[in-house]
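Okay, so here's the structure we're looking at.
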Amino acid sequence: MRSFYFSIVLLVLLQTISCNPQSTKNELSPALLLFSSLGNENSSTLEDKFQSIQVTTLYRKDGIFQFQDILIEYKLKNSKENSETVEAFFGNPNEISYNTQTNKISGQISQKEDLFQTNSIVFSYSDFTKRFKVFLTLKKDGNIVSLKELTTTPPNPPNIPPNSITIPQINYENNRSLIGGTEYQVIRVKFESGSDLSTFTRLNAYIGRPNIISMAADNFNVVNYISAASYNDSLNYFLFLTPELNASYTIIVVGSNDTVKGNRSVNTVPPPPPPSPCAGSVNAPTTIGNCATHCLVVDLVGNQMQFTAKTSIGTTTEEYLSLDMASTTPSGGVGPTTLAWSEFFSPIAIGDYETDLRTFDVTTYNHSCVALSSYLVLDGLDGFRDSYISGKINVP
């Protein structure tokens, strides 16, 4: 259907040329240009990689200078690959542009990459009254594979006298959390219990690098921050997410109403890492359990770690015995050896029983420890009994 309309346009164009031989080259060029642009409209092969984008403009005054900060926050549909980067291009609406043929952006005032992977990029400009156009891009191996075009709205400068007010005490709590397959440091900034916040009509928090983020000269606006958050009245905290699990931050909280303003800051310490999956591991040779009843015996002979499960029968009253021995990685994955399992039926003689010996080469095993376990089942005149033992062994 679309090609049919293109044919009609072309036919009309040719008829115009034939009926008006006085048409000049300059008169014809715009029509050809229109036809050419229609034909190339689908030349771009960009994908939609962004799940959501939010643009916030914030007013800032530093001495006699007035700025606007343009905060771009985004979420991707899928986790970013190692060869992918997120970069934003910022410029005047009538100057910045994207060329679908060259896959390049030109005419920008500035461009920034999300180097610290905070899912946000901040631009600052000395004229707070201007609108701007922003291209947010996802690049793979340096080439643009996804692009979003955004237009900013200038911020409204707050009309707040230079009075001050004391912000209630603040504290924070943080932890590691797996969100959408990515582990984040989750930071919640709270006011002390029982704080009266009814006098504030605006409460914002800003997170940044220690010794870099700071208050502007007006003691109200925050400069050199990474991202901002508004106070959540239902949850009663400011929330920040960052993939920098081991980073420390400074967070500045700013509160105001029509007559007063104030601020307070807190420095964070990263949450401790989760305990090592090899915590509590012991060196070989070792015995786990009591071999008079049920144990695991582990030895290290050269580069070969070997182990077996053992039990001892002291009477002939047992009618059934089952004994196994399994190995796994410290996180519970497939271990370096197969399951060893033995089963005995009545009559079961007095004596020692064990599973087949299992061994593996420690130089070809990639984890720092191995988890071993054994399950024993006995059934006889004394009834049914079972025993489960486990332990982790350091792999040199």
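Note that the numbering runs from 1 along the sequence shown for the chain. Since the structure is predicted, the reported quantities are computational estimates derived from the model, not experimental observations. Worth knowing before you read on, the calculation uses all heavy atoms, side chains too, and leaves out hydrogens, waters and symmetry mates.
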Ion pair present between [X] and [Y], side-chain N to carboxylate O less than 4.0 angstrom?
X	Y	answer
Lys112	Glu87	no
Lys148	Asp48	yes
Glu47	Lys77	no
Glu173	Lys190	yes

Under the 3.5 angstrom rule, does the side chain of [X] hit a backbone N or O of [Y] as a donor-acceptor pair?
X	Y	result
Arg188	Tyr172	no
Thr355	Ala309	yes
Ser374	Asp324	yes
Asp127	Thr129	yes
Thr201	Ser256	yes
Asp114	Thr118	yes
Ser276	Cys278	yes
Thr242	Glu244	yes
Arg385	Val377	no
Thr329	Gly333	yes

With under 30° as parallel and over 60° as perpendicular, where do the rings of Tyr225 and Tyr206 fit, or are they tilted in between?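 Ring orientation of Tyr225 relative to Tyr206: perpendicular.
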Heavy-atom closest contact ([X] atom, [Y] atom, distance):
X	Y	value
Tyr59	Asn156	CB-O, 4.2 Å
Pro154	Gln68	CA-OE1, 4.3 Å
Phe238	Leu203	CE2-O, 3.6 Å

Do [X] and [Y] have their ring centres less than 6.0 Å from each other?
X	Y	result
Phe191	Tyr231	yes
Phe135	Phe89	no
Tyr320	Phe344	no

Walk me through whether Tyr125 and Asp69 qualify under side chain to side chain donor-acceptor pair (under 3.5 Å). CA-CA 7 Å; Tyr125 196 76; Asp69 292 335; over 6 Å; no
Would Asp361 and Asn303 count as a side chain to side chain donor-acceptor pair (under 3.5 Å) here? Give the steps. CA-CA 6 Å; Asp361 188 343; Asn303 290 332; 4.6 Å; no
Please test Lys130 against Asn92 for side chain to side chain donor-acceptor pair (under 3.5 Å), starting from the C-alpha separation and ending with a verdict. CA-CA 9 Å; Lys130 296 191 64 174; Asn92 292 315; 3.0 Å; yes
Does Arg60 make a cation-pi contact with Phe67, if we ask for NZ or CZ under 6.0 Å from the ring centre and within 45° of the axis?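 Flagged: Arg60 positioned over aromatic ring of Phe67.
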Result of checking Val223, Ile213, Ile170, Val266 against Ile252 for side-chain contact (heavy atoms from CB on, under 4.5 Å):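 Among the candidates, only Ile213 passes.
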Single-linkage hydrophobic cluster Met325~Phe360, side-chain heavy atoms < 4.5 angstrom: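 Met325 and Phe360: one cluster.
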Are Tyr98 and Leu46 close enough that some pair of their side-chain heavy atoms sits under 4.5 Å apart?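 A side-chain contact under 4.5 Å exists here.
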